[in-house]
Structures are given as C-alpha cells and as structure tokens.
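This report refers to the structure that appears directly beneath it.
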Amino acid sequence: MLIFLNHLINGISLGSVYAIIALGYTMVYGIAKMLNFAHGDVIMVGAYICFFSVSSFQLPPAVGVLLAVIACTALGIVIERLAYKPLRQATSLAVLITAIGVSYFLQNGAQLLWTSNIKMFPSFFSSEPIALFGGELKITIAAIVTVLACVVIMLGLTWFTGQTKMGKAMRACSEDKGAAQLMGINVNATISMTFAIGSALAAIAGVLFCSVYPTLTPTTGSMPGIKAFTAAVFGGIGSIPGALLGGVLLGIIEIFAGAYISTQMSNAIVFAVLIVVLLVRPTGLLGKQIREKV
Amino acid sequence: MSEQQKNSYPKPKLVPVPSTNIIPERDVDKRPILECRHLGIDFGGLTAVDDFNMAIGRTEIAGLIGPNGAGKTTVFNLLTKVYQPTRGTVMIDGRDTAGKTTIQVSHMGVARTFQNIRLFGNLTVEDNVKVGLHEYTKYSALSGILRLPSYWKKEREAHEKALELLSIFDMQDMANYQAGSLPYGAQRRLEIVRALATQPSLLLLDEPAAGMNPSETAELMNNIRKIRDTFQIAIMLIEHDMNLVMGVCEGICVLNFGRIIAKGTPDDIQANPAVIEAYLGKQKEA
Amino acid sequence: MAMLKVDDIHVYYGSIHAVKGVSFEVNEGEIVTLIGANGAGKSTVLNTVSGLLHPRTGSVQFMDQDLKGVAPHKVVERGLAQVPEGRRIFLQMTVEENLEMGAYTQPGSAVAPGTADVYKRFPRLEERRRQVAGTLSGGEQQMLAMGRALMSSPKLLMLDEPSMGLAPILVEQIFDIIKELHAAGTTILLVEQNAQAALSVADRAYVLETGRISLSGTGAELMASDKVQKAYLGG
Amino acid sequence: GGGDGQKDGSGAAIKIGGVGPLTGGAAIYGNAAKGGAEIAAEEINALGGLQIDLRYEDDAHDPEKSVNAYNSLKDWGMQVFLGSVTSGPGAATAAESNGDHMFYLTPSASSTDVIGGVANPLTGSVDIPRRDNVFQMCFVDPDQGAYSAQYISDNSLGSKIAVIYKNDDIYSTGIYNSFAAKAAELGLNIVSTTTFTTDSQTDFSVQISDAKNNGADLVYLPTYYEANALILTQANASGYTPKYFGVDGMDGILSVTGFDTSLAEGVMLLTPFSADAEDQRTKSFVSKYVEKYGDTPNQFAADAYDCVYAIYEALKDEDVSSATSASDMCDLLMGKFTSGSFTFTGLTGENMTWDASGAVSKYPKGMYIQNGAYVGMD
Amino acid sequence: MKRIRLSKTNRINFATYGGVILAYAVLQFLNGGGMLSSTIRGQLVPICAYVTMALSLNLTVGVLGELSLGHAGFMSVGAFAGAVAAAALPITSDPLRLAASMVIAALAAAITGTLVGIPVLRLNGDYLAIVTLAFGQIIKSIVENLYIGIDDRGLHASFLENRIIFRDGGRMILNGAMGVNGIAKISSFTAGFVLVMLVLVVIFNLVDSRAGRAIMALRDNRIAAESVGIPVTKYKLMAFVISAAMAGAAGALFALGQNTITANKFDFNTSILILVFVVLGGQGNMWGSILAATFLTVLPETKAMRGLADYRMLVYAVVLILVMLATNNPTIQDFINTKFRKKKKKGGAVK
Ligand SMILES: Nc1ncnc2c1ncn2[C@@H]1O[C@H](COP(=O)(O)OP(=O)(O)OP(=O)(O)O)[C@@H](O)[C@H]1O
Ligand SMILES: Nc1ncnc2c1ncn2[C@@H]1O[C@H](COP(=O)(O)OP(=O)(O)OP(=O)(O)O)[C@@H](O)[C@H]1O
Ligand SMILES: [Mg+2]
Ligand SMILES: [Mg+2]
C-alpha cells in the first residue's frame with residue numbers, strides 16, 4: 001500500500017510537470033491552431049536563463065524566475081513575429097514545419113551559447129521533503145509546488161479564455177480570423193498575446209520541471225515537449241482542464257507501467273493506453289464532441 | 001415558366017397511401033420509394049424532429065418547407081443516416097433502414113446534395129461525377145495500378161457516362177475545371193449531377209436554388225422536372241424560394257418546430273393559414 | 001455628404017482581376033444596394049471597403065478619411081460593420097458570446113443593452129442564447145450574424161446577402177429590420193441576389209457585372225429598367 | 001629515423017579525422033572527444049616534427065550520418081581515422097573503414113560490435129567478424145561488465161544488488177549483458193533490474209523505488225554520468241542512500257555544473273582516467289582543457305587525447321607524409337599496433353598494448369569518491 | 001476557375017518519371033567515371049530510401065489527407081524485417097536477395113499498417129496524428145526489446161530478454177537495442193532507382209483510377225463521399241496500407257545499405273523529417289517530394305555546410321525556416337504562378 005502510494009505520488013509529480021507544459025501547449029494550440037513544436041525548447045531556454053541568473057549571477061530564485069518569464073515572453077513574441085506571422089495564410093502543416101525549424105534553431109543555438117554539458121539545476125526549495133508514515137513516504141516541496149502551480153494555472157487560463165474579453169477574442173481568432181477582424185479584433189496583437197502567455201507559461205514550466213528533474217541540457221525540452229503534447233491531445237485538444245487531466249494521467253500511467261509491468265516497455269504501455277483511450281473517446285478525455293453540422 | 005412545362009404531368013392529385021400519407025395518384029399502385037413513420041431525433045434536450053410521417057411516390061417531386069431551424073435539413077440527415085434517428089423508421093423502397101450507414105443507404109438508392117455545398121473541391125468536375133459513378137465503374141484497385149484492360153474499358157465508360165450526365169446541365173465544357181473554383185451556381189448544379197451519378201431512385205436536394213438569381217432558378221426548375229422525367233425517379237427538395245417550390249412540387253410538407261404542420265398540394269399549402277402564419281408571411285403572393 | 005466613397009478600385013486575387021474599376025458612393029442616411037450575379041465581385045467590393053482585401057489601385061474613403069493601409073479592426077472602430085457572406089459566425093462559441101464579440105470595440109457597459117436589443121429583434125436567438133452557434137440552423141445563423149453586427153451600433157452597416165437561405169417570412173423580417181435601421185439613421189450598404197427585395201428598399205442602386213458597374217440609379221429606376229427586369233428579376 | 005621525411009613535408013601534415021556527435025542529445029561526448037584530440041594535436045604540432053591536421057565531423061549520434069561524416073573526411077583526404085565517438089555509429093564506420101582499409105582507432109566506441117570478433121556474452125556467438133583495421137583506446141564493454149561483477153564479488157560490496165541500465169544504448173546494454181552473465185556465474189544476488197531510455201531519462205523514481213523496495217544495498221550503474229547525476233539526486237530526495245558502483249561512464253559526475261558532490265560521496269567506479277590525478281601530464285591536460293573549453297575534461301577527452309598521441313607515437317619515427325596513402329598508413333599502423341613491442345603510455349593507462357583483437361590491454365582502476373575527489377580503491 | 005487539363009497531369013507525371021530517369025543516368029555515368037565524391041556516393045542509397053519515404057508519406061498526407069507523425073515506424077518494421085530476411089534467406093544472388101528482402105519488408109510493414117490502420121483510421125485530424133505518433137513509439141520499444149538470431153535450425157526469437165541458445169555457428173541478427181550489426185550491404189543505387197520508379201508508378205496510377213478518386217474524395221469531403229456510397233474505411237485503409245508497404249520497402253533498402261541499424265534511427269525525429277520533405281515539396285506534389293527529400297538529405301552533408309563547423313545545424317535550421325517562409329509567401333507564389341504558368345485560364349463566364 002505504501003509502495004503504491006509512493007508510486008502514485010511519483011506519478012502525480014511527473015504528471016503535473018507534463019501537465020504544466022501541456023497547458024502552455026494547449027493555449028497556443030487551441031488559439032493559434034498550430035502545433036508549436038518549439039514549445040519544449042522555449043521551456044529549455046527558460047530553465048537556462050533561470051539557471052544562469054541564480055547560479056552565475058547569484059540572483060535570488062524569484063528574480064531568476066521573473067527574468068526567465070520576461071525573456072521567454074519576449075522570445076515567444078519574437079518567434080511568432082518572425083517565423084509564424086508570415087505564415088498566417090499558409091496551411092497548418094507549413095507552420096508545423098516552421099515550428100520544427102525553430103525548435104532545431106533553439107536547440108542548436110542553446111548548444112552554441114551554453115555548450116552541451118549538463119548543468120544541475122539548483123534546488124530552490126531548501127527545506128526538507130515532507131515525510132509521511134515515519135519517513136517511509138517523502139514528498140518534495142518542488143513536487144507540491146508544481147502540483148499547486150498546475151492547478152492555479154489551469155484555473156487561471158480557464159477563467160481567462162472563458163470570461164475575459166481578451167480571452168474570448170482569442171477564441172474568436174482561433175475560429176475565423178477574418179470574421180474576428182470584422183468585429184474590430186486586432187488579430188495580430190491577439191495572436192502575439194497568445195504566444196506571450198504560452199511562452200511565459202513555458203518559462204514557469206521550465207523552472208518547475210528542472211526543480212523536480214534537475215538535469216539541464218539543450219535537448220532537455222524536446223522529449224517532455226512531445227509527451228506534453230501527447231498529454232494535451234489525450235485530455236482533449238484545446239481543453240484546458242483536459243490538458244491538466246491528460247498530463248497527470250500520463251505521468252501516473254507512465255510510473256505505474258514502469259513499476260508494475262516493465263520499465264523496458266513503459267513507454268510503449270503509456271502510448272498503448274493513450275491509443276485505447278482515444279479509440280473509446282475519439283476527441284480525448286474532455287474534448288468537446290462537436291458534431292459537424294451537415 | 002411556360003404552360004407546356006407546367007403540364008408535362010397532369011395536375012397531381014394526392015391520394016392517401018398508406019394510412020395518412022399522401023402521394024400522387026399515378027404512383028399509388030407502386031410501392032412508395034420512401035416512407036417515414038414516427039421519425040424523430042433529439043439533440044440533448046432539444047427535439048429537432050418529432051413524429052415525422054411521410055411517403056413519397058416513385059416519380060413524385062416533393063417539397064419540404066418550413067421556417068429556419070424547423071428541422072428540414074435534419075430530416076435529410078436522418079434519411080441519409082448522417083444522424084441515427086432517436087425513434088421511428090425509415091423505409092426505402094419498402095426496406096427498413098434501421099442500423100444502416102450513410103454508405104449503405106446510398107447503395108439503397110438515396111442520393112443528396114447539401115445545404116452548404118460539399119464538393120470534392122480539389123478534383124475536376126469530371127472526377128467529381130466519376131466518384132459518384134463509383135459503384136457503376138467497378139474494377140479492382142490492382143487493375144487500376146497495373147492498368148489492366150478492365151481499367152481502360154471501365155474508365156472510358158465512366159468518362160462517357162460522366163459527360164452524358166454533365167450535359168443535363170450543359171456542363172460538359174467544364175469537365176476539366178477544378179470543382180472548387182467553379183462559380184457558386186455551377187457548384188450547386190455539379191452537386192446534383194454527382195448525386196445523379198449514383199443512379200438513385202430518390203434524390204434529396206437541400207436548397208438547390210440558394211444563391212441563384214431568378215433566371216438561374218427558373219432554369220433549375222426545368223431541369224428538376226427534366227431529371228424526374230428522364231430518370232423516372234422521386235425528388236424531394238428543401239427550398240425557401242417559393243417560386244420554385246410552388247412551381248415544381250406536387251406534394252409539399254411543412255415543418256415547424258420539428259413537427260409537420262401541413263401536407264398537401266401547393267395550392268392547399270399556400271392557402272393554409274397555419275403555414276402563412278408560421279412560414280410564408282402575409283407577403284405578396286409568391 | 002458622402003459617408004463612403006469608393007473611387008475606381010481594382011482588386012486582384014493573385015492574378016485574377018476580380019474588380020475592375022468600381023466607383024460608387026453611399027451618403028449618410030441612405031440605403032444603397034449593389035446587385036449582380038454570382039461572381040460579379042460584390043463581396044470583393046465589400047471586403048475591400050472593410051479592409052480585408054486591399055485594392056491594387058483606387059481609393060476608399062470613409063467619413064472623409066482615406067482607408068488606405070488602415071487595418072480592418074481599425075476600420076471597425078471608425079464605425080463600420082459588415083455582415084459577411086456565409087455568415088461566418090463563431091461556430092464554437094455560444095450565441096451570447098458571438099454577440100459579445102460583436103461589441104468588441106464597445107465599452108463593456110454597452111453589451112447588456114445591445115444584447116437585449118438584438119434579442120428583442122430576434123427572439124429565436126434568445127431561446128438559443130447558450131447554444132453553441134455551430135448547431136444552429138442556417139436561418140438562425142443568419143440572424144445571429146445580423147445581430148452580431150448590430151452590437152457595435154455602426155454608422156455604416158454593410159450586409160452581404162442577408163436574405164440567403166432564409167424563410168420567406170424571415171426575409172420579410174430582415175428587410176423590415178433594414179428599413180427600421182434606416183429609419184433610425186443607420187446608413188446601409190446592401191449586397192443582394194434578391195434584387196426584387198433589395199431594390200424595393202434601396203434609395204439608390206448599382207448593378208455590378210463581371211467586376212464593373214454597368215448600371216446605376218435610384219431603386220425605382222432600376223426596378224423599372226428592362227435590363228434589370230430581364231437579368232435579375234426573372235421577368 | 002624518418003626525420004627527413006617530416007622535414008620535407010613540413011606544412012604538409014598528416015590528416016587525421018574523427019567523427020562524433022557534436023550536436024544533439026549526445027553532443028556532450030563528441031565535443032569532449034573533439035576537445036581532447038585538439039589539445040593533443042596542438043601539443044604535437046608545437047613539438048615540431050610530425051605535424052597533424054586534425055578534423056572532426058558531426059554525426060549527431062546516428063550511424064547513417066556517421067558514415068556520411070566519414071565519407072566527407074575521406075573526400076577531405078583523411079589518412080588515419082579516429083573512429084566514431086559513440087558505439088552505434090562506431091560500428092557503422094568501423095565496417096565502412098574496414099572496406100576501405102583505413103586505420104581506425106576509436107577513443108570511446110567501446111562496444112564489441114566495433115572491433116568485431118568478440119563472443120556475445122549471453123549467447124556465446126560471434127555475431128560480427130573481427131575487423132582487422134579497428135582498434136580501441138577504451139576497454140571493451142564486456143570486460144568492464146565482467147570486471148565489475150568480479151570486483152563486487154571479490155570485495156563483497158553488496159549483499160543485494162540493483163542494476164539500472166539504459167536499454168536503448170549499446171554501451172550500457174553491452175556492459176549490462178556481460179555483467180549479468182558474470183554475476184550469475186559468481187552467484188551475485190541481483191534483486192532489481194530496471195531500465196530507462198533516452199525518452200524516459202528525466203525521471204528515475206520507478207527505478208529507484210524498485211531498488212529501494214527490494215532492499216538493494218548496492219546499485220550498479222553501467223550508465224553515463226549525466227543520468228547518474230540525476231539518479232543520485234532523485235534517490236537522495238526520496239531518502240534512499242545505497243552504495244553505488246559505476247563504470248567508466250560515471251567519470252565526469254564530479255564536474256557537472258551545479259551537482260551536489262556530497263551526493264556522490266562513496267560512489268565507486270571503474271575508470272581509466274581521473275581528472276583529479278596528481279601526475280604532471282594529467283594536470284597539464286586538465287588545465288589546458290579548462291582554459292580552452294571552460295569545463296573539466298572527462299574520460300572521452302582523455303581517451304581522444306591518448307588516441308592522437310598513440311598514432312603520433314606510432315608514426316613519428318616512420319617515413320610517412322601527407323602523400324602516404326591511407327591504405328599504406330593502415331598497413332603500417334596495424335603492423336605497429338599488433339607487433340607486441342609497441343607500448344603506449346597516456347592519460348588513461350600506462351604501457352598499453354594492443355593485439356590482433358583490436359582491444360587495448362589496460363585495466364580499469366577502481367576508484368571511489370571521497371571528499372569530492374577520486375581515490376584509488378586498491 | 002482553375003482548369004486542369006487531363007494532359008497536364010499526365011505531363012507532370014511523365015516529366016517526373018523522366019526527371020528521375022535522367023538523374024539516375026547522370027549519376028550512374030558520373031559514378032562510373034569515378035567523378036562522384038565519397039560523400040555523394042555514400043548517400044545515393046539513403047537518398048532513394050528517403051525519396052521513397054517522402055512519396056509514401058505524401059500518399060498518406062497529400063492524397064489521403066491524414067497527418068501521420070509515426071511514418072518512420074513503418075520504415076523501421078521494413079528495415080528490421082528486411083535485415084533479418086537478408087541475413088536468413090538462402091539466396092546467393094545479391095540482387096535477388098535484396099528484392100526478396102524488400103518484398104518481405106513491404107509485406108511486414110503492410111501487415112503492421114493494417115493492424116495500426118483498422119483502429120486508428122476511425123479518428124480524425126490531430127487525434128489521428130497523435131495516435132500514429134504513439135504507434136511509432138510503440139514499434140520502437142518493441143524492436144528495442146526484440147532478439148532474433150539464426151543457426152542451422154533456423155530463426156529464433158525472444159522478447160524482452162535475450163534467451164536464445166545457439167547451436168554451433170549460430171549468430172544474433174537483431175540484438176535488441178543494439179540493433180542489427182554487420183549487415184551485408186547489398187542495396188545499390190540501381191535498386192533504389194527501381195524502387196522509386198515503382199513507387200511513382202503505383203502512386204500515379206492509383207491516383208488516376210477509381211480507387212484514387214475515392215481516396216481523394218474522402219480527403220476533400222468525407223461526408224459527401226459517404227453520401228455517394230464510398231466505403232470510407234476500405235479506401236482509407238487501402239491508401240494507408242499501400243503507403244506503409246512502400247515505407248517498409250524503403251526501410252529495407254535503407255537498412256541493407258547500412259552496416260548498422262538501430263531502432264533509435266526510426267524515431268519521432270525521422271518521422272518529422274520525412275514530413276518536412278512532404279510539406280516542403282508540397283502536399284500531393286510527388287516531384288516536389290522527390291526534390292525536397294534529396295535537397296534536405298544532401299544539404300547538411302555538403303562541403304559548404306560542413307565548413308560551417310559548429311554553426312552547421314543552426315544554419316540548417318535557418319535555411320529550413322527561410323525556405324518555408326519563402327515557399328508560402330503569397331507574393332512569391334503569385335510571382336511563380338504568373339511567370340511559369342502564363343497560360344492559366346481566367347475565370348469562366350458565369351451563366
Ligand atoms: N448536431 C446538432 N446538435 C444540436 N442541435 C442541432 C444539430 N443539428 C441541428 N440542430 C438543431 O436542430 C434544429 C433544426 O435544424 P435544421 O438544420 O434541420 O433546420 P432547417 O430546417 O434545415 O433550417 P434552415 O432552413 O435554416 O436550414 C435547429 O434548431 C438546430 O439548431
Ligand atoms: N479567394 C479567391 N481567390 C480567387 N478568386 C476569387 C476568390 N474570391 C473570389 N474570387 C473570384 O472573384 C470574382 C468575384 O467574386 P465575389 O465573391 O466578389 O463575387 P460576388 O459578386 O460576391 O458573388 P456571389 O453572389 O457568389 O457572392 C469571382 O470570379 C470569383 O471567382
Ligand atoms: Mg437546412
Ligand atoms: Mg458574394
């Protein structure tokens with residue numbers, strides 16, 4: 001039982017890291033209707049900036065996080081302006097490929113700037129892990145912060161897109177840019193805003209991700225990025241609570257598959273479960289089942 | 001429209017067959033091509049269609065009208081199994097369609113057009129029709145890849161047949177144009193040709209005259225009659241253009257809030273106070 | 001005074017020359033209609049006015065200001081609203097949210113009275129206020145598109161085939177609304193296939209043929225013209 | 001001596017090429033090897049005499065691209081090949097160079113598939129025939145695995161042993177296989193065997209709990225240090241502090257930026273190289289490397305450094321020039337390396353020799369980490 | 001209105017065949033004269049394999065209209081099936097053994113394609129894409145844990161753990177994550193050329209036939225296709241399985257031109273790379289795929305790019321982005337349209 005709980009906690013911890021990345025993914029994916037494969041790499045950049053602020057410049061962690069958020073927001077806007085905006089009229093696949101180009105660019109740029117040597121991300125949470133059951137079960141503060149941050153971000157985004165004028169404008173743009181313009185919505189500004197928010201979230205995700213799993217290299221973001229994208233689809237494309245649910249479930253399944261079946265096949269099992277779920281619910285766990293009006 | 005066209009069939013007399021359903025007298029001794037009994041569907045809490053009963057004679061041109069949102073398109077979707085009905089039955093040529101798919105219903109002889117045009121936009125006009133001919137130009141994919149003699153033979157047949165069908169609307173010249181780049185009216189006509197290519201016994205047209213100007217509409221009316229006469233099939237159409245509906249339809253069925261509020265000949269319908277109230281308005285006569 | 005002045009615009013889609021030198025004016029308080037066959041270039045003209053398309057040459061002036069280089073959302077802020085062809089409502093948003101989007105340029109306090117006003121005109125929309133717009137019937141969607149445009153209380157309202165796909169009773173209603181809006185002082189530019197109805201409400205009208213204006217005059221004049229009778233009224 | 005030959009050809013240096021992952025997820029190894037080799041070449045060129053023109057090409061840790069890189073080095077005129085840095089690509093370029101009869105001395109591609117001719121420890125079959133032109137500077141994986149098992153058994157290091165290895169990595173799997181075979185033979189008590197892959201090396205909680213829950217007191221890690229750093233950190237956070245035993249891939253863990261070296265206290269490893277060694281040569285190498293690349297060199301750098309020197313030693317008294325064909329060079333070097341009389345002393349071992357098997361005869365030093373530094377175990 | 005003359009499609013098809021034949025002839029000639037660098041010579045077979053992959057994926061993405069992010073999975077199945085077959089088949093003639101291995105590889109990939117396709121093709125759009133991605137990952141995991149060896153009694157296989165015991169003379173072929181090593185390189189440029197030509201013939205002939213029209217109709221409008229009675233699953237599956245089989249053959253060609261293959265090679269990144277070829281070359285545009293696959297395979301290996309040393313991959317990324325921006329720029333597209341397709345028909349008269 002204790003062991004099970006332990007795995008469950010590990011699963012939630014891993015899952016909430018996926019979820020936090022997935023939330024950023026979903027934001028951009030749901031609004032700009034593009035698979036921003038560079039999202040994982042923006043996470044990496046955010047983590048590096050925080051790392052250097054704290055390790056090399058001895059800034060307090062909070063300032064490091066803030067700098068990461070600012071830098072990634074700017075990076076997100078710049079990428080959007082230079083690489084994605086010229087492709088507004090192009091097919092979504094063309095944008096996808098450009099995003100892949102951006103991803104290569106960020107990874108290789110990071111390697112040139114910061115070398116490929118790994119950096120151990122500093123631990124921000126100096127206090128001891130919380131011990132339960134007489135120390136048999138330990139929960140790290142970083143994990144708890146991640147889970148909390150995840151829920152807060154999910155609620156924040158849900159409120160933002162559902163209730164605020166800007167959020168609704170984003171949804172309008174995601175459906176029909178031309179019609180949105182006719183409503184007086186500045187489509188370019190709105191999409192830039194989406195990227196700014198998505199990238200800011202990426203910075204936070206990067207910091208939290210590296211707090212829990214502290215090895216940092218130029219490729220740190222890519223695999224979690226793909227997993228998080230999977231999680232976002234698993235939860236239902238464009239659904240913000242879905243991204244959270246998908247991320248957490250993916251983490252739990254991954255840990256359980258490794259723990260109870262086989263570490264060798266855990267990746268395969270995760271993806272097999274994903275397939276089965278999508279076959280039963282073809283629009284993801286919380287995806288809206290919009291029937292096409294004929 | 002000219003007198004002659006109007007009288008290509010004697011003014012129809014609708015007779016009840018079976019039960020409360022009415023079809024033109026000339027079709028009574030044949031099994032109705034379509035029969036709906038107590039058909040209905042709910043979307044969540046919304047009852048979009050309820051207790052829909054109707055029969056269509058084998059060579060009838062029937063109209064389905066009603067205010068926006070009355071459930072007309074939904075009826076078409078039920079008939080073609082785009083939606084599975086919540087209740088009731090649909091019989092095509094006496095055969096129950098329960099559990100059938102859109103594809104199977106098509107093979108049973110029902111073809112349709114769509115309110116929002118759904119062409120194969122990247123294919124040529126001719127290829128759009130050839131897709132409709134799919135069931136009638138059978139050869140295996142392998143003989144297509146290997147270019148066996150059956151490929152050449154069937155392709156030639158398909159080509160000839162496609163041009164023949166296009167000629168109904170005088171569209172042979174457009175055969176090699178990309179369907180998506182045709183003018184709106186031509187796209188609507190092409191949808192009809194494509195539907196005809198499946199050799200249906202019942203053709204469902206959802207607002208075929210939408211976006212057409214009066215002269216185009218008049219021509220369409222002629223063509224609808226021509227199609228029925230040449231192919232001897234039944235046609236059911238949804239339309240808001242009263243000139244067209246009253247001009248070509250023999251039997252008309254009026255829906256409101258998913259229920260039938262009136263059935264009868266154009267004259268009956270135009271005089272029906274409930275229909276005027278709900279649909280026609282106190283307008284200058286159509 | 002001319003509220004909208006379109007001067008010799010040429011519009012291209014890539015290499016396709018869709019509008020070949022169109023000029024017309026809409027004066028304050030008028031209903032002006034553009035009629036013409038499918039593909040004549042009516043929608044292209046409207047989209048050029050609202051800034052979605054850019055003329056290669058020629059100019060568009062709205063309220064005495066040149067719209068050259070003005071982004072569409074800025075044009076809307078200046079008091080122009082368009083009901084686009086094919087409705088283009090936000091299918092995944094609810095009816096109410098669609099209306100809110102219509103009031104995007106307006107202060108938040110304008111939303112509630114605007115919505116109430118639209119619901120008064122189209123009670124059907126109020127019944128469906130929480131329904132996702134994508135599942136509305138064609139006619140309901142058209143009502144929503146009209147309602148959405150009215151939310152910004154525009155100075156000039158451009159309607160692209162508002163009667164398309166509507167039941168006769170609704171067509172009548174739409175034209176009643178057009179007349180009402182006109183009476184209330186809104187200037188209207190109406191594009192229609194339904195020439196009969198359009199000409200009967202219009203102060204002035206233009207006939208567009210393959211990218212050029214072939215006829216113009218008052219509504220009554222055109223209604224009486226032989227050419228129009230033949231080509232557009234099925235007479 | 002061939003002193004004349006070199007003087008004639010001054011300026012026309014011997015072209016030595018190397019291939020390794022300079023970009024992508026494995027870039028850390030390739031760049032280290034490249035850096036080590038460059039330092040060796042600079043030192044040698046500064047000596048006057050035989051000059052070396054060194055060139056490294058990127059393979060992104062991909063066998064196909066490794067062959068492309070090898071081919072582009074051939075087009076450049078490469079005469080001696082420093083092989084690939086990593087094992088999978090190393091096997092591909094080894095086969096290719098064998099066909100070309102190009103001398104191949106790899107710093108770090110340690111799989112037996114590279115040199116060929118070695119029996120698979122699990123099946124006993126010789127799957128790849130010996131490639132006679134291919135030599136290794138590192139010791140082969142099975143030797144390390146078997147040696148580890150022997151060492152653990154001899155010194156009774158663990159009563160219950162857990163193994164975590166990288167399932168999609170040839171190096172790690174190769175060592176694991178021979179370790180498992182040897183451990184079974186020696187009767188070691190392995191209580192937990194878990195794996196990870198490139199795709200899942202962000203989280204080790206499952207592997208750690210498995211080891212912990214099975215009561216393992218020694219964790220064997222035939223993996224590279226960047227994964228090990230995370231394993232140690234995560235295990236510590238979950239309150240699990242067993243003994244660790246690593247192989248040469250563990251080397252480098254102490255120099256990871258930001259790594260809490262106290263976590264590595266007591267970690268045992270087999271390594272031929274230690275950046276903390278006190279000898280003059282290592283010190284000079286380390287300081288040059290740190291100065292040039294800003295990082296402490298790991299064993300890849302040291303092995304590559306040794307490779308360049310070994311080739312230099314073998315050639316410096318021979319009559320070779322930039323005009324010597326790669327094939328002649330290969331005959332010459334193969335002759336030298338397998339002569340039995342050629343010994344080489346470098347950063348990673350003393351009096352190393354090679355035989356026709358291609359494997360180097362040097363034995364890993366057992367080390368453990370004390371106060372953030374390596375200390376010899378014996 | 002855009003007018004597509006039948007003869008125009010045919011012209012493009014024949015130009016494509018001609019271009020491929022010409023490229024082959026020129027390269028063979030240069031190679032015979034020893035005028036090709038080792039780099040180019042070493043890439044001839046991989047280029048053919050990637051071109052085939054691009055064509056195959058273009059059938060799925062461009063013709064069927066479904067996004068697949070796991071196409072390298074089929075290549076993987078073909079590569080390993082082909083490598084095992086080539087090692088096990090008792091055929092002495094290399095070309096025959098290659099052909100037989102490629103057929104076996106194509107079959108294996110087709111079977112996998114069927115197994116994957118039946119459940120997956122019920123999904124749409126991005127959900128389908130993610131499921132293909134998942135299958136790619138699963139195939140990779142399976143191969144990484146699969147052991148196949150051969151001795152005089154025949155093939156032996158085990159999963160997860162290598163439990164194979166050989167009689168004398170046996171050897172491992174597929175050694176789990178270590179992949180297949182020491183493959184006899186029996187692929188040749190000529191074989192690659194033949195494969196590309198075959199694949200082109202199949203795709204062009206398929207597209208211009210009843211089945212191809214049905215597939216494209218599904219792509220353009222599924223509901224309308226159903227309404228005219230096109231069996232959706234059948235044709236989706238047909239396109240998908242043909243595409244998988246082609247990828248399998250490409251995998252075998254590739255594997256048998258390499259000394260070593262590992263499951264890692266056929267990961268998500270390779271799937272994406274192939275997608276890049278397709279999108280860059282234009283969806284549904286076969287000659288575009290051929291050019292894009294060739295260009296992007298050769299580009300990073302060119303002298304100029306290698307000369308950039310550390311900046312090579314960075315520049316590659318920039319080139320990729322710029323090419324995407326340029327090919328999708330409306331002004332440039334217009335320019336190409338007006339310059340090179342002057343005789344385009346203007347919009348037809350409206351009745
Ligand atoms: N998939 C669906 N989900 C929910 N409601 C639906 C769906 N499809 C249709 N409806 C509702 O069913 C009712 C009938 O719609 P339908 O499209 O059949 O109307 P219609 O009679 O064709 O109208 P129109 O003349 O405007 O096309 C409408 O109120 C519509 O909102
Ligand atoms: N996006 C486009 N790309 C290329 N050509 C276009 C495009 N949109 C319109 N056209 C062409 O421009 C011309 C004018 O089209 P427009 O839509 O303005 O006509 P319209 O008068 O509004 O017709 P309708 O009554 O069908 O709405 C037509 O020939 C049409 O084919
Ligand atoms: Mg309808
Ligand atoms: Mg229009």
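Order of the sequence lines sets the chain letters (A, B, ...), proteins ahead of strands, with each chain counted from 1.
- The distance from atom CE of E/M178 to atom CG of D/D169, rounded to the nearest 0.5 Å, is 9.0 Å.
- Heavy-atom proximity under 4.5 angstrom to chain D picks out E/F254, E/Q258, E/N259 from residues 250-259 of chain E.
- Only the side chain of D/N120 comes within contact range of chain E, with at least one heavy atom under 4.5 Å from a heavy atom of that chain.
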Test side-chain contact (heavy atoms from CB on, under 4.5 Å) on E/N145 and D/N167 and set out the steps. CA-CA 8 Å; E/N145 290 294; D/N167 177 38; 3.5 Å; yes

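- In this structure, E/F29 places its CZ atom where only 12 or fewer heavy-atom neighbours from other residues, nucleotides or ligands lie under 6.0 Å away.
- The residues D/E96 and E/K185 are annotated as salt-bridged, a charged nitrogen and a carboxylate oxygen being separated by less than 4.0 angstrom.
- A donor-acceptor pair under 3.5 Å is formed between the side chain of D/D127 and the backbone N or O of E/M172.
- Contact check on E/D310 versus D/K34 returns a salt bridge, with a Lys/Arg side-chain nitrogen under 4.0 Å from an Asp/Glu carboxylate oxygen.
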Is there a side-chain contact (heavy atoms from CB on, under 4.5 Å) between D/N71 and E/Q43 once you walk through the steps? CA-CA 9 Å; D/N71 280 333; E/Q43 285 198 290; over 6 Å; no

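- For E/R312, the part lying under 4.5 angstrom from a heavy atom of chain D is the side chain only.
- For E/N181, the parts lying under 4.5 angstrom from a heavy atom of chain D are both the backbone and the side chain.
- Counted within 6.0 Å of NZ on D/K292, heavy atoms from surrounding residues, nucleotides or ligands total more than 12; the atom is thus considered enclosed.
- By the 4.0 Å N-to-carboxylate-O rule, D/D199 lies close enough to E/K140 to be salt-bridged with it.
- Taking D/N98, D/V126, D/D75, D/T93 one by one and counting their heavy-atom pairs under 4.5 Å with chain E, the maximum is reached by D/D75.
- Contact of D/S72 with chain E is made through backbone and side chain together, with heavy-atom distances under 4.5 Å.
- Neither the backbone nor the side chain of D/L22 comes within contact range of chain E; no heavy atom of the residue lies under 4.5 Å from a heavy atom of that chain.
- For a residue to count as touching a neighbouring chain, one of its non-hydrogen atoms must lie under 4.5 Å from one of that chain's; by this rule E/N175 touches chain D with the side chain only.
- Contacts of D/S66 with chain E are absent, with no heavy-atom separation under 4.5 Å from either backbone or side chain.
- Using a 4.5 Å heavy-atom threshold, the side chains of E/K265 and D/D62 count as touching.
- With a 4.5 Å cut-off on non-hydrogen atoms, D/A94 does not touch chain E at all.
- How far OG1 of D/T197 is from CD of E/Q137: 8.5 Å, rounded to the nearest 0.5 Å.
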For the pair E/M313 and D/D58, evaluate side-chain contact (heavy atoms from CB on, under 4.5 Å) and give the outcome as yes or no after the intermediate values. CA-CA 10 Å; E/M313 292 316 287; D/D58 179 27; 4.2 Å; yes

